Undergrad: 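Provided herewith is a single structure, encoded as structure tokens, for subsequent inquiry.
A quick note: this is a predicted structure, and the numbers were derived from the prediction, not measured.
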Amino acid sequence: QVQLVESGGGLVQAGGSLRLSCAASGRTFSTYTMAWFRQAPGKEREFVAVITSNGGNAHYSDSVRGRFTISRDHANNRVYLHMNSLKPEDTAVYYCNFVSSLNYRPLKNSWGQGTQVTVSS
């Protein structure tokens, strides 16, 4: 049974930083591509960042490239999202998930509770 537990969100001023953490279980973590998504109020969930199974490659949405960094820790089955230079438009609930290595879509439409990030101007 896949379980995803996100943490690390909070309230931060514009220009600040946060590090999100996702504890993932239910699959062999080290063999799966992992990604972060976010959903702002009234908007659809959107892709933020992805990291390959061996951590060798990462890709980002245009809106966060250069400010966010995704990483993973195989010893603890965790994936992280380091967020710098935060902007009010980054305000959203952030989710992680196991994704397809081909199209970065979630393998299942099953999500954790997410972690709220609020950036004040």
Side-chain angles (χ1 to χ4, degrees):
Q1 180 180 352
V2 170
Q3 189 169 15
L4 302 159
V5 181
E6 300 92 349
S7 61
L11 173 63
V12 63
Q13 289 188 333
S17 300
L18 282 174
R19 188 186 77 159
L20 306 184
S21 177
C22 167
S25 61
R27 295 182 184 270
T28 306
F29 179 79
S30 62
T31 65
Y32 284 88
T33 299
M34 297 293 297
W36 283 95
F37 300 81
R38 67 185 182 186
Q39 187 168 20
K43 295 187 176 181
E44 293 188 353
R45 187 152 27 208
E46 64 174 3
F47 165 82
V48 174
V50 64
I51 187 167
T52 54
S53 57
N54 65 2
N57 284 291
H59 301 281
Y60 302 89
S61 67
D62 290 343
S63 60
V64 308
R65 187 177 296 114
R67 300 187 297 121
F68 291 11
T69 302
I70 188 171
S71 63
R72 64 191 297 161
D73 175 1
H74 286 179
N76 293 297
N77 287 1
R78 287 182 177 266
V79 60
Y80 300 99
L81 187 68
H82 307 259
M83 307 188 295
N84 297 318
S85 302
L86 283 160
K87 304 175 181 180
E89 51 263 45
D90 294 319
T91 294
V93 179
Y94 285 71
Y95 303 87
C96 66
N97 216 331
F98 296 91
V99 298
S100 164
S101 60
L102 298 178
N103 57 25
Y104 302 157
R105 291 180 181 173
L107 295 178
K108 282 191 174 182
N109 190 26
S110 176
W111 300 86
Q113 85 288 349
T115 186
Q116 175 72 50
V117 172
T118 303
V119 184
S120 63
S121 58

Undergrad: Looking only at non-hydrogen atoms, find the nearest pair between S121 and P88 and report the distance.
TA: CB-CG, 3.8 Å
Undergrad: Got a donor-acceptor contact below 3.5 angstrom from the Q39 side chain to the Y94 backbone?
TA: no
Undergrad: Would R38 pass as a cation-pi partner of Y95, given that its NZ or CZ must be under 6.0 Å from the six-membered ring centre and within 45 degrees of the axis?
TA: no
Undergrad: In chain order, what residues pass the salt bridge (charged side-chain N to carboxylate O under 4.0 Å, His left out) check against E89, with sequence neighbours excluded?
TA: none
Undergrad: Among all residues two or more places apart in sequence or in another chain, which pass the ring-ring contact (aromatic ring centres under 6.0 Å, His included) test with Y32?
TA: F98
Undergrad: Looking at A49 and L81, what are the two nearest heavy atoms and their distance?
TA: CB-CD1, 4.2 Å
Undergrad: How close do T33 and S101 get, heavy atom to heavy atom, and via which atoms?
TA: OG1-CB, 3.5 Å
Undergrad: Atom CG of D73 and atom OH of Y80: how far apart are they, to the nearest 0.5 Å?
TA: 4.5 Å
Undergrad: Under 4.5 Å between side-chain heavy atoms, counting indirect links through other Ile/Leu/Val/Met/Phe/Trp/Tyr residues: same cluster for V93 and L4 or not?
TA: no
Undergrad: Looking at side-chain heavy atoms only, is the closest gap between V50 and V99 below 4.5 Å?
TA: yes
Undergrad: At what distance, to the nearest 0.5 angstrom, does OG of S120 lie from CG of L86?
TA: 10.0 Å
Undergrad: Starting from the C-alpha separation in whole Å, work towards a yes-or-no answer on side chain to side chain contact (heavy atoms under 4.5 Å, CB included) for V79 and S71.
TA: CA-CA 6 Å; V79 60; S71 63; over 6 Å; no
Undergrad: Taking all non-hydrogen atoms of both residues into account, name the closest pair between A58 and I70 and its distance.
TA: CB-CG2, 3.6 Å
Undergrad: I'd like to know whether H59 forms a side chain to side chain contact (heavy atoms under 4.5 Å, CB included) with Y104, so could you lay out the CA-CA distance, the side-chain angles of the two residues, the decisive distance to 0.1 Å, and finally the verdict.
TA: CA-CA 10 Å; H59 301 281; Y104 302 157; 3.0 Å; yes
Undergrad: Looking at F29, does the NZ or CZ of R72 lie under 6.0 angstrom from its six-membered ring centre and within 45 degrees of the ring axis?
TA: yes
Undergrad: For T118, is there any backbone N or O sitting under 3.5 Å from a side-chain donor or acceptor partner on T91?
TA: no
Undergrad: Shared ILVMFWY cluster between V48 and V119, side chains joined below 4.5 angstrom?
TA: yes
Undergrad: For a quick test of reading the model, state the closest non-hydrogen atom pair linking L20 to W36 and the distance between them.
TA: CB-CH2, 3.7 Å
Undergrad: Treat each ILVMFWY residue as a node, draw an edge where side-chain heavy atoms are under 4.5 Å apart, and state whether Y60 and M83 are in one component.
TA: yes
Undergrad: Does the side chain to side chain contact (heavy atoms under 4.5 Å, CB included) test come out yes or no for W111 and R45, once each step is laid out?
TA: CA-CA 11 Å; W111 300 86; R45 187 152 27 208; 3.2 Å; yes
Undergrad: If two hydrophobic side chains count as joined below 4.5 Å and joins carry through other members, does V5 share a cluster with L107?
TA: no
Undergrad: Would you mind listing the cluster partners of L102? Hydrophobic ones only (ILVMFWY), side-chain contacts under 4.5 Å, chaining allowed.
TA: none
Undergrad: Within the 4.5 Å heavy-atom criterion, are V2 and R27 side-chain neighbours or not?
TA: yes
Undergrad: Salt bridge or not between K87 and D90? Use side-chain N to carboxylate O under 4.0 Å.
TA: no
Undergrad: Under a 3.5 Å cutoff, is there a donor and acceptor pairing between the side chains of R78 and S21?
TA: yes
Undergrad: Does the Q3 side chain pair with the main chain of A24, one donor and one acceptor, at a distance under 3.5 Å?
TA: no
Undergrad: Look at the side chain of H74 and the backbone N and O of G55, then say whether any donor-acceptor pair between them is shorter than 3.5 Å.
TA: no
Undergrad: Look only at the side chain of T52 and the backbone of N57, and say whether a donor-acceptor pair between them is shorter than 3.5 Å.
TA: yes
Undergrad: Evaluate M34 against N97 for side chain to side chain contact (heavy atoms under 4.5 Å, CB included), listing each step before the verdict.
TA: CA-CA 6 Å; M34 297 293 297; N97 216 331; 5.9 Å; no
Undergrad: Rounded to the nearest 0.5 Å, how far apart are CG of N84 and OG1 of T69?
TA: 6.5 Å
